[in-house]
Peer 1: 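Quick one: this structure, given as C-alpha cells, is what I'll be asking you about.
These values consider heavy atoms only, across backbone and side chains, with no hydrogens, waters or symmetry-generated copies. Given the structure is predicted, the values throughout are model-derived calculations rather than measurements.
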Amino acid sequence: METESEPYVRLASLRQLHQVMADMNTARSLADTLQTVADGAVSALGYEMAAVNLVRPDGDLVVAAFSGNSAAEALITGRVGSRDSWERRLGMGEAWGDLRFIPHTEGWVLDDDDVPQWFTDGPAPRFEDEWHPSDRLFAPMYTPGGPGGSCGELLGVISVDRPRNGRRPGAWGREALQMYAFQAAIAISNARLRANMQRALVRLEREQQALRASEESFRQAFEYAPSGMAIAEMGGDQHGRILRTNDALCRLLGRPASAMRRYSFSDLVHPEDIGTLLRTSAEGGRAELRLGRRDGTYVWVSLRNSVVADAADGPRFLLTHVEDIEERKRRELQLAHRASHDSLTGLPNSAELRSRLSARLCRRQAQPGALESLDAAYGHPAFDAVGHGFDFAQGTEAFEGFDHHVHTIAPEDGRDEGTKGLAVLFCDLDGFKSINDRFGHNAGDAVLIEVARRLSRGVRDGDTVARLGGDEFVILADGLGEADAQDLAVRLRNEIIQPIRAEGRAVRVGASFGIGWAHCGMTADEVLKSADERMYVEKRSRPKQHRRAG
C-alpha cells in the first residue's frame with residue numbers, strides 16, 4: 001500500500017489489508033497471531049519493519065514478534081522494556097488519533113531508556129513529510145469493550161519504521177494503521193480466549209478424575225466470556241438445536257436465554273447467509289454472517305465452531321464462539337467507499353465509474369445459467385438492475401469467465417425510435433476556471449459540490465452520477481432513447497446554470513453535454529471517449545459568449 005496515492009486506493013490493496021485481518025483471526029495460536037500482526041504491518045501497510053510489544057503480567061512490555069529485518073529481529077526479540085518508559089513514549093510526541101508519532105527532533109531524549117529499539121541516525125529530511133531514520137511511530141492496542149465504548153487496558157504496542165515510500169503516512173495511512181491496531185487487539189484477545197478454551201477442553205478429555213473441576217472451569221470460561229458463546233446438540237434429530245447460551249450472546253441478540261433454547265442458528269441467520277452457515281464445517285468451522293436480533297435487525301458476527309468430545313461416546317456437543325464484528329464491517333465499508341468515491345463531492349470516482357460501465361459491456365456470451373449459479377452460491381443477485389457489477393466482497397474467484405449476458409444496444413441516428421440503451425452523458429463545466437482564478441479554490445470547490453448535488457437530484461434512482469476529475473462529470477442513465485437523453489441533458493444544463501452561492505457571492509457556470517451510447521463490444525474508455533468527443537462538438541457549436549449562461 002505504500003505506493004498508493006490518497007484519496008484513491010486500489011481495491012486490491014484493500015483486499016490485501018482485509019486478508020491480513022482475516023489471517024489474524026484464523027491463526028492457530030497466540031504466537032502465530034502475534035507474528036501475523038507483525039508480518040501484516042509489513043506486507044499490507046507498507047512499512048519495512050514492525051514489532052509487536054506485548055504487555056506481560058508484571059506490566060512491562062516484551063518484544064513478542066518482529067518482521068522485516070532478520071538482524072534487528074535477532075537483536076531485540078524477547079527483550080523487555082519497562083512500563084514507565086513506554087508510558088513516557090506514549091505520552092509525548094504528536095497524537096495522530098490513537099497513534100503516537102515522535103519525530104527525530106524530539107526522540108533523542110529516548111535514546112538511553114530501556115525500551116528495545118533499532119533506530120539509527122541519518123541526514124536531515126529533504127522535504128517536509130520525508131521519513132527520518134530516527135522517527136518513531138507507535139500504535140497502541142487496547143483490550144476491546146471498555147466502559148461506555150472507551151478503550152480498555154493497554155494490551156501492547158505495534159512499533160513501525162521506515163515506510164517504503166519514504167514519507168510519513170498521510171490521513172488514509174494513519175487511519176489504516178489505527179484500524180489495524182484495533183483489529184490486532186481483538187485478534188490477540190480472542191487468541192488468548194481460544195487458548196483458555198482449548199485448555200479447558202483438554203482437561204475435559206484427559207482428566208476424567210477431575211471432571212467436576214474441569215466442568216466448573218469450563219462453565220466460568222463460558223459464562224463470563226466477553227464474546228458470545230453457545231452450546232448446541234450435535235448429531236441426531238435435534239442436530240444444531242441451541243441448548244445453552246451465555247449472557248454476552250443474549251445481550252448481542254437481545255433475546256433471553258429461555259427464548260434462545262427454542263432456536264438453532266439456522267433459524268436466526270439472515271436468509272442470504274444460510275448457504276454460508278450450511279457450508280461451515282462443524283469441527284473447526286468458521287464463517288462471517290448475520291444473525292437476527294429480537295427487534296428484527298441483523299448484526300454481523302464471526303462464528304467459530306469447536307467440538308466438545310466425550311472420552312467414551314465421542315463428539316457430543318458443538319461449542320460455538322460468536323464475535324460481534326459489526327464495527328469491523330462498518331470500517332471496511334468506509335474504506336471501500338473512500339477508495340471508490342470522490343472525497344470532495346461524495347460521487348463515485350473515475351475508477352468506480354469505469355467499473356460500473358464495464359459491467360454492462362460484455363465481450364462474450366456467458367454460458368446459460370452461469371449467473372444463476374453465482375446467485376445460488378452467494379445468496380443474492382450477482383448483478384443489480386442498473387449494472388453496478390459483481391459484489392467483489394463475496395469472492396472474485398467465482399466471477400472468472402463470466403460477463404454480463406444482457407447485451408447493451410445503442411440507438412443509432414434516430415433510425416429506431418423505440419430503441420432504448422445505456423446513455424453516457426459527458427458534462428464539462430463552462431467558465432469554471434475563471435471562478436477558481438478570481439475567487440479562489442474554496443469557491444471552486446463549493447461550485448463543484450453544488451453541481452454534484454444538482455446533477456444527483458436531476459437523475460432517476462438507479463442512475464449513476466460520477467466525477468471524472470476536475471470539472472468533468474459523467475452520468476450513466478439506462479433505458480433511454482435518443483430523445484430521452486437529449487431531454488435529460490437539457491434539464492441538467494438548466495439546473496446547472498442557475499446561480500450558485502460560493503464564498504458569500506453568487507456565481508454562474510455553464511455546462512456542455514456530450515451524449516455517447518454504450519453497447520457490447522466496446523470498452524469503458526471507448527464509450528467515455530465517444531461521449532467526450534461529442535461534448536466538445538457541442539461546446540464548439542455554441543458561441544463562446546453564450547456557453548455560461550446558456
Peer 1: Using a cut-off of 6.0 Å, state whether more than 12 heavy atoms not belonging to R126 lie near its atom CZ.
Peer 2: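 It does not: R126 CZ has 12 such atoms or fewer within range.
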
Peer 1: Give the C-alpha distance, both sets of side-chain angles, the deciding distance and a yes or no for side chain to side chain contact (heavy atoms under 4.5 Å, CB included) between R286 and T26.
Peer 2: CA-CA 9 Å; R286 180 178 180 276; T26 56; 3.8 Å; yes

Peer 1: For Y180, give me all partners under ring pair (Phe, Tyr, Trp, His ring centres under 6.0 Å), at least two apart in sequence or on another chain.
Peer 2: none

Peer 1: Using the side-chain contact (heavy atoms from CB on, under 4.5 Å) definition, which of the options I515, D428, V474 pairs with M535?
Peer 2: D428

Peer 1: With no hydrogens and no angle check, is any side-chain donor or acceptor of R491 less than 3.5 Å from a backbone partner on Q486?
Peer 2: no

Peer 1: With a 4.5 Å cut-off on side-chain heavy atoms, are V507 and F439 touching?
Peer 2: yes

Peer 1: Is E472 salt-bridged to R467, cutoff N-O under 4.0 Å?
Peer 2: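 The answer is no: the pair does not qualify as a salt bridge.
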
Peer 1: Give, for atom NE2 of H441 and atom CG of N436, the distance between the pair rounded to the nearest 0.5 Å.
Peer 2: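 Answer rounded to 0.5 Å: 5.0 Å.
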
Peer 1: For D342, does its backbone N or O pair with a side-chain atom of T345 as donor and acceptor, under 3.5 Å?
Peer 2: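 Between the backbone of D342 and the side chain of T345 there is no qualifying donor-acceptor contact (under 3.5 Å).
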
Peer 1: Hey, are the side chains of D324 and W300 touching, using non-hydrogen atoms and a 4.5 Å cut-off?
Peer 2: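 Side-chain contact under 4.5 Å: no.
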
Peer 1: Is the closest basic N to carboxylate O distance between R330 and E326 below 4.0 Å?
Peer 2: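 No, no charged N to carboxylate O under 4.0 Å.
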
Peer 1: Can you classify the ring geometry of F66 versus W118 as parallel (below 30°), tilted (30 to 60°) or perpendicular (above 60°)?
Peer 2: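 If you compare the ring of F66 with that of W118, the planes turn out perpendicular.
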
Peer 1: State, yes or no, whether a side-chain contact exists between E323 and I186 at a heavy-atom distance under 4.5 Å.
Peer 2: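 Contact flag for E323/I186 side chains = yes.
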
Peer 1: Look at E538 together with R534 and state whether they make a salt bridge at an N to O cut-off of under 4.0 Å.
Peer 2: no

Peer 1: Got more than 12 heavy atoms from elsewhere within 6.0 Å of CZ, R293?
Peer 2: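 More than 12 heavy atoms, drawn from other residues, nucleotides or ligands, come within 6.0 Å of this atom.
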
Peer 1: Please confirm whether the backbone N or O of P103 pairs with a side-chain atom of R136, one donor and one acceptor, at under 3.5 Å?
Peer 2: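 No; zero donor-acceptor contacts below 3.5 Å.
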
Peer 1: Are R100 and R89 close enough that some pair of their side-chain heavy atoms sits under 4.5 Å apart?
Peer 2: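 They are not in side-chain contact.
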
Peer 1: To the nearest 0.5 Å, what is the distance between CG on L429 and CG on D471?
Peer 2: 4.5 Å

Peer 1: Could you give me the CA-CA distance, side-chain angles and deciding distance for M141 and I188, then say whether side chain to side chain contact (heavy atoms under 4.5 Å, CB included) is met?
Peer 2: CA-CA 10 Å; M141 298 180 292; I188 293 172; 4.0 Å; yes

Peer 1: Would a distance-only check, ignoring hydrogens and angles, find a side-chain to backbone donor-acceptor pair under 3.5 Å from D273 to H270?
Peer 2: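 Checked: no pair found.
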
Peer 1: Using side-chain heavy atoms (C-beta onward) and a distance below 4.5 Å, is F426 in contact with I475?
Peer 2: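 F426 vs I475: side chains apart.
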
Peer 1: So, the side chain of S340 versus the backbone of A336: is there a donor-acceptor pair under 3.5 Å, distance only?
Peer 2: yes

Peer 1: Between E526 (side chain) and T523 (backbone), is there a donor-acceptor pair under 3.5 Å?
Peer 2: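 Yes, the answer is positive, given that a donor and an acceptor are paired below the 3.5 Å cut-off.
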
Peer 1: So, taking the atom named NE2 in H104 and the one named NE2 in H132, what distance separates them when rounded to the nearest 0.5 Å?
Peer 2: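 Those atoms lie 4.5 Å apart.
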
Peer 1: What heavy-atom pair brings L468 and S350 nearest, and what distance separates the two atoms?
Peer 2: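 In terms of heavy atoms, the two residues are closest at CD1-OG, 3.7 Å.
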
Peer 1: Salt bridge check, D532 against K529: does any charged N sit closer than 4.0 Å to a carboxylate O?
Peer 2: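 The answer is no: the pair does not qualify as a salt bridge.
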
Peer 1: Is a salt bridge present between D478 and R360, judged by a nitrogen-to-oxygen distance below 4.0 Å?
Peer 2: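 Salt bridge flag = yes for R360 with D478.
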
Peer 1: One thing to verify: whether R168 and E130 come together as a salt bridge, which I'm taking to mean a side-chain N less than 4.0 angstrom from a carboxylate O.
Peer 2: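 Between R168 and E130 there is no salt bridge, as every charged N stays at least 4.0 Å from the carboxylate O atoms.
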
Peer 1: Looking only at non-hydrogen atoms, find the nearest pair between L347 and A452 and report the distance.
Peer 2: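 Heavy atoms only, the tightest pair is CD1-CB, 3.5 Å.
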
Peer 1: What I'd like to find out is whether the side chain of I325 reaches to under 4.5 Å of the side chain of E288, using heavy atoms alone.
Peer 2: yes

Peer 1: Working note: E272 + R290, criterion salt bridge (Lys or Arg N to Asp or Glu O under 4.0 Å); need CA distance, chi angles, decisive distance, verdict.
Peer 2: CA-CA 9 Å; E272 294 180 358; R290 289 160 289 182; 3.2 Å; yes

Peer 1: Can you tell me how far CG of L425 sits from CG of L476, rounded to the nearest 0.5 angstrom?
Peer 2: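 Rounded to the nearest 0.5 Å, the CG-CG separation comes to 9.0 Å.
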
Peer 1: When you measure from the centre of the six-membered ring of F182, is the NZ or CZ of R331 under 6.0 Å away and within 45° of the axis?
Peer 2: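 Yes, R331 and F182 form such a contact.
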
Peer 1: What closest approach, in Å, do N349 and A339 show between heavy atoms, and which atom pair accounts for it?
Peer 2: ND2-O, 3.0 Å

Peer 1: Is L422 close to W517 at the side-chain level, that is, under 4.5 Å between some pair of heavy atoms?
Peer 2: no

Peer 1: Measuring only between side-chain heavy atoms, which start at C-beta, is D39 closer than 4.5 Å to D23?
Peer 2: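 Sidechains of D23 and D39: no contact.
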
Peer 1: With side chain to side chain contact (heavy atoms under 4.5 Å, CB included) as the test, would you mind laying out the steps for D430 and V509 before giving the verdict?
Peer 2: CA-CA 6 Å; D430 301 324; V509 292; over 6 Å; no

Peer 1: Is there a side chain to side chain contact (heavy atoms under 4.5 Å, CB included) between F513 and V490 once you walk through the steps?
Peer 2: CA-CA 9 Å; F513 282 87; V490 171; over 6 Å; no

Peer 1: So which atom in D484 and which in K420 form the shortest heavy-atom distance, rounded to 0.1 Å?
Peer 2: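 Where D484 meets K420 most closely, the heavy atoms are OD2-NZ, 2.9 Å.
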
Peer 1: Heavy atoms only: give me the nearest A511-R493 pair and the separation to one decimal.
Peer 2: O-NE, 3.0 Å

Peer 1: Do you know which two heavy atoms are closest between P348 and H341, and how far apart they sit?
Peer 2: N-CD2, 3.5 Å

Peer 1: I'd like to know if the side chain of Q183 reaches the main chain of M179, judged simply by a donor and an acceptor atom lying under 3.5 Å from each other, with no hydrogens or angles considered.
Peer 2: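 A pair under 3.5 Å: no.
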
Peer 1: Supply the atom-to-atom distance I102 CD1 to F138 CZ, rounded to the nearest 0.5 angstrom.
Peer 2: 5.0 Å

Peer 1: Enter the distance from R457:CZ to E450:CD here, rounded to the nearest 0.5 Å.
Peer 2: 7.0 Å

